[in-house]
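Starting off with a structure, shown below.
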2 protein chains.
Amino acid sequence: MADASDPAERMALILTRGGMQRMTARVLCAVLFADQETITAGEIAERLVVSAGAVSGAIKMLEPVGMIERAPVPGSRRDHYRFPDDGWQRMMSAQNRVVDEMLQAAEEGIKQVAEGGPAERRLADMRDFYGYLMAELPALIERWQRDRAQA
Amino acid sequence: MADASDPAERMALILTRGGMQRMTARVLCAVLFADQETITAGEIAERLVVSAGAVSGAIKMLEPVGMIERAPVPGSRRDHYRFPDDGWQRMMSAQNRVVDEMLQAAEEGIKQVAEGGPAERRLADMRDFYGYLMAELPALIERWQRDRAQA
DNA sequence: CGTAGATTTCACGAATTTGCGAAAGTTGGG
DNA sequence: CCCAACTTTCGCAAATTCGTGAAATCTACG
């Protein structure tokens, strides 16, 4: 249950190819695929057959981004984690933060590049395209939330 | 002109943090910020102060994904590269390909997980969210193209 | 065809990254 | 207050990644 035929591990692999750290991806997927409401760091380590330290490190990446959250579980001294309800939107936001930074870099680039030159045209194009997407995405997500609430 | 205060290098750094290989990102940004219609591999190597081999390797990543393209330039024995007109949309598509794979993995996961359990709910949620986005994005991009054509 | 300029390939060395193991730190219970 | 169960931190060794340098390959032109 820990080889590549495990869908969880497969997805982790895909995320890794998509740029996520390996261990981070594996921990995230372990949480996603866990057939329980919450899961402890120890359980994750057990399933992935990795050290507790490795899990701890991965959590330190995932938690601040909001892709997993600590779940208050009274009467237990270990930390329980779960995937937030709005986890996917958070993941999206994390992506968009990168795009935002790119837009800033593009803006600065435009300032420093010859006016009317090819570089300016390219960068302006980039700014327009991603700017448009970033502006429209929130509405799209909102619409999804509405549709989902009705279902 | 090759330090971190260079907007091109800055953007490359951002892309790297976003998951792209460092050299790949630097080459891409060199093409983007070049104030000429096309640029040769040699010129890229010169500006980035890296070996020709490194540039070659990066191009081998960027070209098949369509994020740079060879420009036919008669009367020159070196290859000229440029950023395609639809480069940003291609970049988007490349991203989406990863999402597609994730959706597949989610689908498989749903099959293997207990029916009605928390894992199934999470995975179905993921499928719905990203499925929705993937379905709506093309229309969004199309709209952008229309708006842009009018401007 | 031969040649000069340019790109790609390949193997090696370096540097970064990664995860483990163990010790230290926390937190709730007795 | 001490204990016990977890978690986090830290140093280290292994593995992977990265870019260079040099040789091989390619291509347009003479």
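Numbered from 1 within each chain, the chains take letters A, B, ... in sequence-line order.
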request  = Verify the cluster assignment for B:Met67 and A:Leu133: are they in a single hydrophobic cluster under the rule of side-chain heavy atoms below 4.5 Å apart?
outcome  =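 Yes, B:Met67 and A:Leu133 fall within the same hydrophobic cluster.
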query = In whole Å, what is the span from the CG atom of B:Leu48 to the C1' atom of D:dT20?
reply =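 Atom-to-atom, B:Leu48 to D:dT20, this comes out as 15 Å.
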query = When all nucleic acid strands are considered with a 4.0 Å heavy-atom cut-off, which category describes B:Gly53: base, sugar-phosphate, or nothing?
reply = base
task = Please state how far atom CD in A:Glu43 lies from atom C1' in D:dT7, giving the value in whole angstrom units.
result = 14 Å
message = Checking side-chain polar atoms at under 3.5 Å, does B:Arg148 have a donor or acceptor matched by the opposite partner on A:Tyr132?
response =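 There is no such pair between these side chains.
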remark   = From the candidates C:dT7, C:dC20, D:dT8, the one with an atom nearest any side-chain atom of A:Val50 is C:dC20
task = Compute the bend angle of the helix from C:dC1-D:dG30 to C:dG30-D:dC1 from the end axes (five pairs per end), rounded to 10°.
result =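 Inter-axis angle at the termini of the helix from C:dC1-D:dG30 to C:dG30-D:dC1: 30°.
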query = Looking for any heavy atom pair under 4.0 Å, which part of the strands does A:Ala52 touch: base, sugar-phosphate only, or nothing?
reply =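 Base, at least one base atom sits under 4.0 Å.
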query = Is it true that A:Met92 and A:Ile14 fall in one hydrophobic cluster, defined by side-chain heavy atoms closer than 4.5 Å?
reply =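 Same cluster: A:Met92 reaches A:Ile14 through Ile, Leu, Val, Met, Phe, Trp or Tyr contacts under 4.5 Å.
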ask   = Roughly how far apart are B:Leu103 CG and A:Met11 CE, rounded to 0.5 Å?
value = 8.0 Å
ask   = Once you round to the nearest 0.5 Å, how far does CG of B:Leu28 lie from CZ of B:Phe33?
value =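 Going from the CG atom of B:Leu28 to the CZ atom of B:Phe33 covers 9.5 Å.
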key: Value in whole Å for how far the P atom of D:dT25 lies from CZ of B:Arg78   = 24 Å
Cluster link B:Val99 to A:Trp88, ILVMFWY, side chain under 4.5 Å =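 Yes, because B:Val99 and A:Trp88 connect within a single hydrophobic cluster, where side-chain heavy atoms sit under 4.5 Å apart.
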ask   = Between the main-chain N or O of A:Ala34 and the side-chain N or O of B:Arg122, is there a donor-acceptor pair closer than 3.5 Å?
value =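 Yes: the side chain of B:Arg122 pairs with the backbone of A:Ala34.
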task = Round to a whole Å and report the spacing from CZ of B:Arg70 to P of D:dC26.
result = 14 Å
ask   = Atom CZ of A:Arg17 to atom P of D:dT16: distance rounded to whole Å?
value =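 These atoms are roughly 17 Å apart.
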task = Give me the residues of residues 54-63 of chain B where at least one heavy atom lies under 4.0 Å from an atom of DNA chain C, by number, or none.
result = B:Ser56, B:Lys60
message = If I take atom CD1 in residue B:Ile44 and atom P in nucleotide D:dG19, what distance separates them, rounded to the nearest angstrom?
response =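 My rounded result for the distance is 14 Å.
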ask   = According to a 4.5 Å side-chain heavy-atom criterion applied to Ile, Leu, Val, Met, Phe, Trp and Tyr, with indirect links allowed, do B:Leu140 and A:Tyr130 form part of one hydrophobic cluster?
value =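 Result: yes, single cluster for both.
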All N/O pairs under 3.5 Å across the protein-nucleotides 13-18 of chain C interface:
residue	atom	partner	partner atom	Å
C:dT18	OP1	A:Gln21	OE1	2.9

key: Qualifying residue, where the test is salt bridge (Lys or Arg N to Asp or Glu O under 4.0 Å) with A:Arg82 and the options are A:Glu63, A:Glu69, A:Glu43   = A:Glu69
message = Are B:Met102 and B:Val113 linked, directly or through intermediate hydrophobic residues, by side-chain heavy-atom contacts shorter than 4.5 Å (ILVMFWY only)?
response =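 As far as the 4.5 Å side-chain criterion goes, B:Met102 and B:Val113 are not connected within one cluster.
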